[in-house]
Protein chains: 2
Amino acid sequence: MASRAKATIFDIAREAGVSKSTVSLVLQGSGLIRPETTSKVRKAIEDVGYVYNRGAANLRKAHSNVIGMVINDLTNPFFAELAVGMERVFQSAGIVPFIANTAENPVRQEEVLKSLMEQGVAGLIVSPARGTTPGAFRRIETAGVPVVFAMRRLPESRIPVIAPDNHRGAYLAAAHLVGKGHRRLAFFGGSSDLVVYHERLGGFREACETLGIAARDILIVEGETSRKGGIACLETALAMAEPPTAALCFNDAVAFGAMLALRKRGLEPGADFAVVGFDDVVEAEHYMPALTSVAVDSAGLGERAAHVMLKMIQSRTTRAEDHIGAVNLVVRESCGPDRRTRNRPAGSGGAA
Amino acid sequence: MASRAKATIFDIAREAGVSKSTVSLVLQGSGLIRPETTSKVRKAIEDVGYVYNRGAANLRKAHSNVIGMVINDLTNPFFAELAVGMERVFQSAGIVPFIANTAENPVRQEEVLKSLMEQGVAGLIVSPARGTTPGAFRRIETAGVPVVFAMRRLPESRIPVIAPDNHRGAYLAAAHLVGKGHRRLAFFGGSSDLVVYHERLGGFREACETLGIAARDILIVEGETSRKGGIACLETALAMAEPPTAALCFNDAVAFGAMLALRKRGLEPGADFAVVGFDDVVEAEHYMPALTSVAVDSAGLGERAAHVMLKMIQSRTTRAEDHIGAVNLVVRESCGPDRRTRNRPAGSGGAA
DNA sequence: TTGATTTATTGGAACGTTCCATTTATAGGC
DNA sequence: GCCTATAAATGGAACGTTCCAATAAATCAA
């Protein structure tokens, strides 16, 4: 069917008996061309099996229409949702975002960013890999390509950030636990090379302090942000002389791990030890027991990030406001009933 | 710092006092250039903040180095794993694959494919959206771009397929249930517009027939391939006059839904009703009860698909062999103990 | 009719690279 | 020193578009 060499606008032009310029105009949907000519060209396009060469076009045009999404862990359903939210708004803008996975590896991230830049992306939405150096984006900034960070921020960077209110989320969760009567609290998982970690831990600490929990009654256990990490954290915690009775987990995966470990020890999550997660992934609702967690609306944050990006491209700026998304604690069963029912009414705590 | 207009090889050439051709050679790592010259050029590249323009290069070069991965549902952890497997092998080949999500929407898929083609991809790995028309890839085939299907196939297509042995997987699972003493079996979830559905259902049917289950004792309930679908299927099944006592589910999500629905009715998955999943996603192991499921090694299939693609590109062909990946049943707790322990020994069934 | 105005169409240069055919510099053999 | 062989560097054309300025055709006012 199609000739071996790929067809160009010249082939179309010959086929339709017009000039290459006319074809180009038709391709761009210019209203300057006579309707009959347009349809003649359209037909020729079909006949020769033409595929538009965006690379060639971008050589002349200033702006490309591709946007890169760089995600640190596609396996985490949480990030997949973020991606889905972004795609929703880009789609309606006629843009197809390209997603690339860095697998939490800064070196890989470097490669991915380089490749995306070479491809001539119009903008980059990035959830930076752990351990990203502050200078990793200097190159891109000086090239004038707009970047927004989603979910995570870098220590000393002026790049706009779209993220949930981690501090408040953790505060709410900790307050919930204290409200349930717990007096010895733990924070499970995460590590201090993540800004998010400090934000969440900060909210947790503030709540403890405000609500009169003594510093010696709070236990911080760093660990992997996975089920495995959660298991390890719980083991560590229960090995203490005076173990905590409740834990706020860095994320839901850690919480799932902690619950699993409890079960293995014959303890019932909720009744014997309260656990709260963070992120509220879909599985949280379906776990046994259903996990109380801080909902962050990741798809919504994805949409927001995409909108900010679109605006930046439009106004050809590389600056934008940060956006901190609202969070809310969704209370399920993993914290069990109140510990001291005589003191406070049942059903305290956050929104559903 | 960087000049406003983006730097080109000419800027580098001026800076380094060489010709553009020399710069090009350095960029390509040609050994023809004197080491001192090379480092002089390298320095200039840094100084002017150069970023390579792959679009311009592809204009002359025959082949691009981007590969598109088109996935029907990124939210499904199963596909995320597939993607991760592919990335692993592409990375070592110095290729950055771009992932795009079609959200199971053929129209969206069309857009995505078009965009990827315009970008000049060297190849496409696709898990086609449900309802993809047989002609959807004709355009791409005639353009001579290699395509491989992963996980799913299209009814009448000559495009190579990398997929698990669905028939055998379903056979193993059904045989396991029969071996446990079940005599009234159901197949939950999926719909007949998916080739995979027919493959899995076929294996299920063959096992039933071979092992002497009467046709009137098997129940097929189509439904969404999600938790919600699983819940619906179970409700339908238990509403029957003579309900089944076990179900093979189209995938793990459906199985999780079915188990959830059982619990809601006060029934214990495993003891009261056996359920087997398909795919063996990571959550399967951590569920309560842990889900017996057919493991398909999705990351492995992703790697395989990537290898096939690489080979196709290398040998500039658009044809390749199908590859059917081995499956194995991993037995956990969701089918409970044997129904008729007097007849057969405990611990029958597949590998771990 | 003629010139002015509007509407359609067109040729040419430019975009940033690669690659071939040359030229220029360096080294080797005598 | 001179010729040849090799190594290193270079200029020019080409890749497939866009866009501007220019042309050609059609319409209008007088």
Side-chain angles (χ1 to χ4, degrees), chain A residues 2-42 44-45 48-66 115 117-122 143, chain B residues 2-42 44-45 48-66 115 117-122 143:
Chain A
S3 54
R4 216 75 302 272
K6 41 187 58 164
T8 75
I9 51 171
F10 284 92
D11 299 308
I12 300 169
R14 187 171 349 96
E15 185 81 6
V18 297
S19 79
K20 63 164 187 19
S21 302
T22 303
V23 175
S24 176
L25 258 5
V26 170
L27 248 21
Q28 295 171 78
S30 160
L32 291 178
I33 306 295
R34 216 161 26 135
E36 316 148 46
T37 311
T38 299
S39 54
K40 209 166 49 179
V41 171
R42 287 259 152 73
I45 289 176
V48 302
Y50 173 73
V51 0
Y52 184 74
N53 184 333
R54 203 168 284 277
N58 285 158
L59 215 44
R60 286 251 38 194
K61 293 210 290 214
H63 255 47
S64 85
N65 78 148
V66 334
S115 178
M117 286 298 287
E118 291 180 358
Q119 224 58 236
V121 293
Chain B
S3 56
R4 217 75 303 273
K6 41 187 58 166
T8 75
I9 51 171
F10 285 90
D11 299 309
I12 299 169
R14 187 171 349 96
E15 185 81 7
V18 297
S19 79
K20 60 160 190 21
S21 303
T22 304
V23 176
S24 177
L25 257 6
V26 170
L27 249 20
Q28 295 170 79
S30 159
L32 293 177
I33 308 294
R34 213 157 32 129
E36 316 149 44
T37 310
T38 299
S39 55
K40 210 167 47 177
V41 171
R42 286 261 152 72
I45 289 176
V48 301
Y50 172 74
V51 0
Y52 184 74
N53 184 333
R54 203 168 285 277
N58 285 159
L59 216 43
R60 285 251 38 197
K61 292 210 290 213
H63 254 46
S64 85
N65 78 147
V66 332
S115 178
M117 286 298 288
E118 291 181 357
Q119 224 59 235
V121 291

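Computed from heavy atoms alone, side chains included, the values below leave out hydrogens, waters and symmetry copies. Residue numbering restarts at 1 for every chain, and letters A, B, ... go by the order of the sequence lines.
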Base, sugar-phosphate or nothing for [X]? Non-hydrogen atoms, less than 4.0 Å.
X	answer
A:Thr8	sugar-phosphate
A:Leu27	nothing
B:Ile33	sugar-phosphate
A:Tyr52	sugar-phosphate

When you measure from the side-chain N and O atoms of [X] to the phosphate of [N], is any distance below 4.0 Å, counting only OP1 and OP2?
X	N	result
A:Ser24	D:dT17	no
B:Thr22	D:dT10	yes
B:Arg34	D:dA9	yes
A:Gln28	D:dT17	no
B:Ser21	D:dG11	no

Given [options], the nucleotide with the shortest approach to the side chain of [X]:
X	options	answer
A:Ser19	D:dT17, D:dA8, C:dT10	C:dT10
B:Ala57	D:dT18, C:dT17, C:dT9	C:dT17
A:Asn53	C:dG11, D:dG16, D:dA13	D:dG16
B:Arg60	C:dG11, C:dT18, C:dC15	C:dT18

Nearest-Å distance, [atom1] ([X]) to [atom2] ([N])?
X	N	atom1	atom2	result
A:His63	D:dT18	NE2	P	17 Å
A:Leu25	D:dA21	CG	C1'	14 Å
B:Lys20	C:dG16	NZ	C1'	11 Å
A:Lys40	C:dA8	NZ	C1'	11 Å
B:Gln119	D:dG16	CD	P	16 Å
B:Ile45	C:dG16	CD1	P	16 Å
B:Glu36	D:dA7	CD	C1'	13 Å
B:Arg14	D:dG11	CZ	P	14 Å

#### Entry: Verdict with reasoning, A:Glu118 to B:Asn53, per side-chain contact (heavy atoms from CB on, under 4.5 Å)
CA-CA 5 Å; A:Glu118 291 180 358; B:Asn53 184 333; over 6 Å; no
Locate the shortest heavy-atom distance separating [X] from [Y]; write the atom from each residue and the value.
X	Y	answer
B:Arg54	B:Asn65	CD-ND2, 3.3 Å
A:Tyr50	A:Ile9	OH-CG2, 3.7 Å
A:Ala7	A:Asp11	CA-OD2, 3.2 Å
A:Ala44	A:Ala16	CB-CB, 3.9 Å

### Query
Can you list every side chain to side chain donor-acceptor pair (under 3.5 Å) pair that touches residues 55-64 of chain A, not counting sequence neighbours?
none
### Query
How about A:Val18 and A:Ile33: do any of their side-chain heavy atoms sit closer than 4.5 Å?
no
### Message
Five pairs per end, C1' atoms only: what is the angle between the end axes of the helix from C:dT1-D:dA30 to C:dC30-D:dG1, to 10 degrees?
### Response
40°
### Message
Under a 3.5 Å cutoff, is there a donor and acceptor pairing between the side chains of A:Ser24 and A:Ser21?
### Response
no
